[in-house]
Amino acid sequence: MENLFSTSRTAQILDVSDRTLIRWYKWYENDAYEKPVGLKLPEYTTDNRGTRFFTMESIQQLKDFKDKLQNEYRGCMAEFNAYWQWGQRGTQILERKKNKEEK
């Protein structure tokens with residue numbers, strides 16, 4: 001049997017918060033946002049409580065995802081983060097930016 005790592009342990013290995021890891025999947029699984037072609041998240045398994053578990057191979061793919069997100073695909077989650085993480089303030093900033101571009 002291969003070793004499985006929980007979301008929290010996987011986040012520790014990747015040096016990100018578990019909320020960041022969860023947010024990556026929330027964004028990736030939401031069809032309302034366009035994803036870059038070269039950016040992929042690995043599959044995970046869940047237990048009966050809904051805890052996500054990752055293999056070491058998946059963790060390597062997540063590391064690659066993190067690196068690409070910080071470099072070549074920087075900013076691709078900006079709109080999602082504005083709505084989901086910043087709340088009303090982020091929504092207002094996006095609206096102002098959109099209105100400014102239309103002028």
Sub-3.5 Å donor-acceptor pair from the side chain of Thr20 to the main-chain atoms of Val16, do we have one? no
Least distance between heavy atoms, Arg23 atom then Met77 atom: O-CE, 4.0 Å
Test side chain to side chain contact (heavy atoms under 4.5 Å, CB included) applied to Arg52 and Thr45, step by step: CA-CA 6 Å; Arg52 295 176 187 176; Thr45 58; over 6 Å; no
Write down the atom of Ile13, the atom of Phe5, and the distance for their closest heavy-atom approach. CD1-CD2, 4.1 Å
Should Lys63 and Asp67 be marked as a side chain to side chain contact (heavy atoms under 4.5 Å, CB included) after you check the CA-CA gap, both sets of side-chain angles, and the distance that decides it? CA-CA 6 Å; Lys63 183 182 181 329; Asp67 292 343; 3.3 Å; yes
Under the 3.5 angstrom rule, does the side chain of Asn30 hit a backbone N or O of Lys26 as a donor-acceptor pair? no
Quick one: do Phe53 and Thr7 satisfy side chain to side chain contact (heavy atoms under 4.5 Å, CB included)? Show the steps, please. CA-CA 6 Å; Phe53 290 96; Thr7 303; over 6 Å; no
Indicate if Ile22 and Leu41 have the same hydrophobic cluster label, given that clusters are the connected sets of ILVMFWY residues with side-chain heavy-atom separations under 4.5 angstrom. no
Shortest non-hydrogen contact between Tyr73 and Gly38, atoms and distance: OH-CA, 3.4 Å
Neighbour count above 12 (heavy atom, 6.0 Å) for Asp15 CG: no
Mutual orientation of the aromatic rings belonging to Tyr25 and Tyr44 [parallel < 30°, tilted 30-60°, perpendicular > 60°]: perpendicular
Whether over 12 other heavy atoms sit under 6.0 Å from Lys35 NZ: yes
Closest approach of Glu43 to Ser58 (non-hydrogen atoms, all atoms of both residues): O-OG, 3.5 Å
Would you mind reporting whether Cys76 and Tyr33 have side-chain heavy atoms less than 4.5 Å apart? no
Before giving the answer on side chain to side chain contact (heavy atoms under 4.5 Å, CB included), spell out for Thr55 and Asn3 the whole-Å C-alpha distance, their side-chain angles and the decisive distance to 0.1 Å. CA-CA 6 Å; Thr55 62; Asn3 289 338; over 6 Å; no
